[in-house]
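Data first, discussion second: the structure below is written as structure tokens.
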Amino acid sequence: MKLKIYNTKSKNKEIFKPLDSNNIRMYVCGPTVYDRAHIGNARPVVVFDILYRLLKYLYGEKSVTYVRNITDVDDKIIAKSSAENKSVNEITSETIKWFIEDNNYLNVNKPTHQPKATHYISQMIAMIEVLILKKNAYVLEDGEVLFSVNTFKSYGSLSKQNLESMIVGNRVDIDRRKKNPLDFVLWKPTSKNNIGWDSPWGYGRPGWHIECSAMSKEILGDTFDIHGGGIDLIFPHHENETAQSICANNKNSLANYWMHNGFVNIEGQKMSKSLGNYLTVEDLRNKNIDGAVIRFVLLSTHYRQPLDWTNRKLTEAQNIINKWFNVINNRDLNINGIPTNKILEALCDDLNIPLVITEMHNLLKEEDYDGFANSFFFLGFNSNNSIKSNNSLDKQTINEMVNLLIVERQNARKNKDYRKSDLIRIKLEKAGVTINDHGNETTWSLKPNFNPSSLLTEN
RNA sequence: GGCGUGUUGGCAGAGUGGUGAUGCAGCGGAUUGCAAAUCCGUUAACACGUGUUCGAUUCACGUACACGCCUCCA
């Protein structure tokens with residue numbers, strides 16, 4: 001089966017041809033760690049998790065290297081550290097911990113490498129030195145190093161911009177010291193009491209773009225297969241990154257395929273702290289919304305389109321995941337981890353996950369429960385949490401508690417004490433337990449928002 | 001001003017040059033003590049205009065509207 005990927009570079013869907021099919025290399029821009037991850041951060045994490053799973057399936061578990069970096073030096077981090085009177089390291093290590101917890105909650109596979117920028121300072125310095133030597137960069141009097149955009153003739157080719165119109169655009173800062181207003185920072189001088197490192201140009205810290213160039217080179221090599229990230233990164237971040245890497249490495253290309261995911265809106269509006277519609281993964285966890293439900297919503301719109309996060313969608317997703325859980329939990333299944341062909345075909349068509357979801361519905365209609373379950377696990381909907389994470393009760397205790405109430409209700413029904421049986425049902429429903437009566441038999445299942453605490457209270 | 005994306009039924013959301021997905025909601029039915037869940041059936045759409053074509057929602061051009069990027073941002 002051939003994987004097709006929409007390549008930002010060519011603006012076309014292309015058949016994916018790896019540089020080396022025994023060593024597929026993918027780099028995705030990860031978080032700047034200064035705050036809790038919002039659902040906009042979670043989208044690329046989940047989308048590229050699916051791609052990672054797919055690549056491993058197509059080329060072999062050990063043939064895929066997936067790098068997702070962590071930016072742990074940056075103005076926002078420094079601002080937060082001084083605002084909260086904590087060290088940069090305290091801020092970043094705490095945020096990284098949150099990020100990992102959120103990812104686990106969403107059942108995201110761990111990338112092969114999660115390099116931190118601060119661990120690659122010497123590689124960045126080395127790369128900047130090469131760029132200066134090759135006259136692609138220049139040093140200002142105060143020790144600031146800038147990349148010279150004019151020295152790279154393909155500058156703008158990834159984002160389809162041309163230099164003149166960008167400069168005409170009114171928002172480029174006019175720094176007279178720059179040879180071209182678009183020249184960007186490689187190394188930024190700073191005072192000794194700030195976080196920084198010694199360099200040939202004095203004490204300072206790296207510019208934003210150079211870290212990805214240095215880390216991808218170190219871990220994946222000069223040229224690799226796939227580079228991903230949010231659509232907003234196309235310009236300037238990825239444009240600058242390619243420019244640096246191509247110049248420093250003397251290669252034609254940094255990544256062969258560039259993939260960009262669309263933004264997340266909330267109820268039709270851009271998410272922002274000032275609008276008060278800022279939604280983090282943690283917020284959803286606190287509401288007991290299952291990771292699989294969040295995952296479902298994030299995947300229910302094609303990754304290149306904008307995704308509108310709405311309450312209505314969340315409810316729909318909850319119902320679907322609930323139904324899927326029931327299928328998985330109430331059957332003997334043959335699990336081999338292999339999704340069906342139609343699911344794979346949809347995934348291979350530039351990750352058409354909405355179509356994948358349609359196929360999941362079809363599998364249930366066709367009563368192909370094994371195919372369904374294997375696809376379900378492949379897509380990572382086998383979340384974790386409904387029982388474990390939101391309480392200290394173990395599965396057995398919950399079973400006993402629920403079964404006790406079920407028996408009580410059945411007895412009430414036999415005695416035609418429907419008032420009592422209805423009360424028990426309502427109580428269970430409130431706790432997130434769904435009752436299914438089939439003739440004389442009653443089965444039950446847990447909803448994604450199962451919360452046993454109300455089972456413990458008396459009526 | 002430049003670059004880019006989108007406009008599909010009540011809502012969400014794929015896709016296709018000819019047989020008009022899928023989910024939710026709606027409607028009709030089965031089942032049920034009542035529900036829920038489940039199952040069966042069913043209504044309903046392709047922004048507008050011109051062109052290409054035997055035939056366009058699907059291709060081309062234009063118009064309108066919406067959104068994103070060009071500054072930190074996933």
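Chain identifiers are assigned alphabetically (A, B, ...) following the order of the sequence lines, protein sequences preceding nucleic acid strands; residue numbering begins at 1 within each chain.
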If a stem is a run of at least 3 consecutive Watson-Crick or G-U pairs, both distances under 3.5 Å, which stems include RNA chain B? B:1-7 with B:64-70, B:10-12 with B:22-24, B:26-30 with B:38-42, B:47-51 with B:59-63

Return each pair, listed once, that meets ring pair (Phe, Tyr, Trp, His ring centres under 6.0 Å) where at least one residue sits in residues 73-99 of chain A; pairs must be two or more places apart or across chains. none

Residues in side chain to side chain donor-acceptor pair (under 3.5 Å) contact with A/Asn352, at least two apart in sequence or another chain: none

Kindly state whether the pair A/Phe263 / B/G68 counts as stacked, where counting means centroids closer than 5.5 Å and planes tilted less than 30° apart. no

Got a sec, which residues hit side chain to side chain donor-acceptor pair (under 3.5 Å) with A/Asp35, two or more places apart in sequence or on another chain? A/Lys273

Of the options B/A74, B/A14, B/G23, whose atoms approach the side-chain atoms of A/Asn261 most closely? B/A74

Just by distance, with hydrogens left out, do A/Asn277 and A/Glu267 show a side-chain donor and acceptor under 3.5 Å apart? no

Closest to side chain of A/Lys76, choosing from B/C73, B/A14, B/C34: B/C73

A/Leu233 side chain, from C-beta outward: closest of B/A74, B/G33, B/A14: B/A74

Do any of residues 145-158 of chain A sit with a heavy atom less than 4.0 Å from RNA chain B, and if so which? none

Checking contacts here: which listed nucleotide (B/C39, B/C11, B/A74) is nearest the side-chain heavy atoms of A/Pro44? B/A74

Can you sort out the partners of A/His238 under side chain to side chain donor-acceptor pair (under 3.5 Å), two or more places apart, ordered by chain and number? A/His227, A/His260

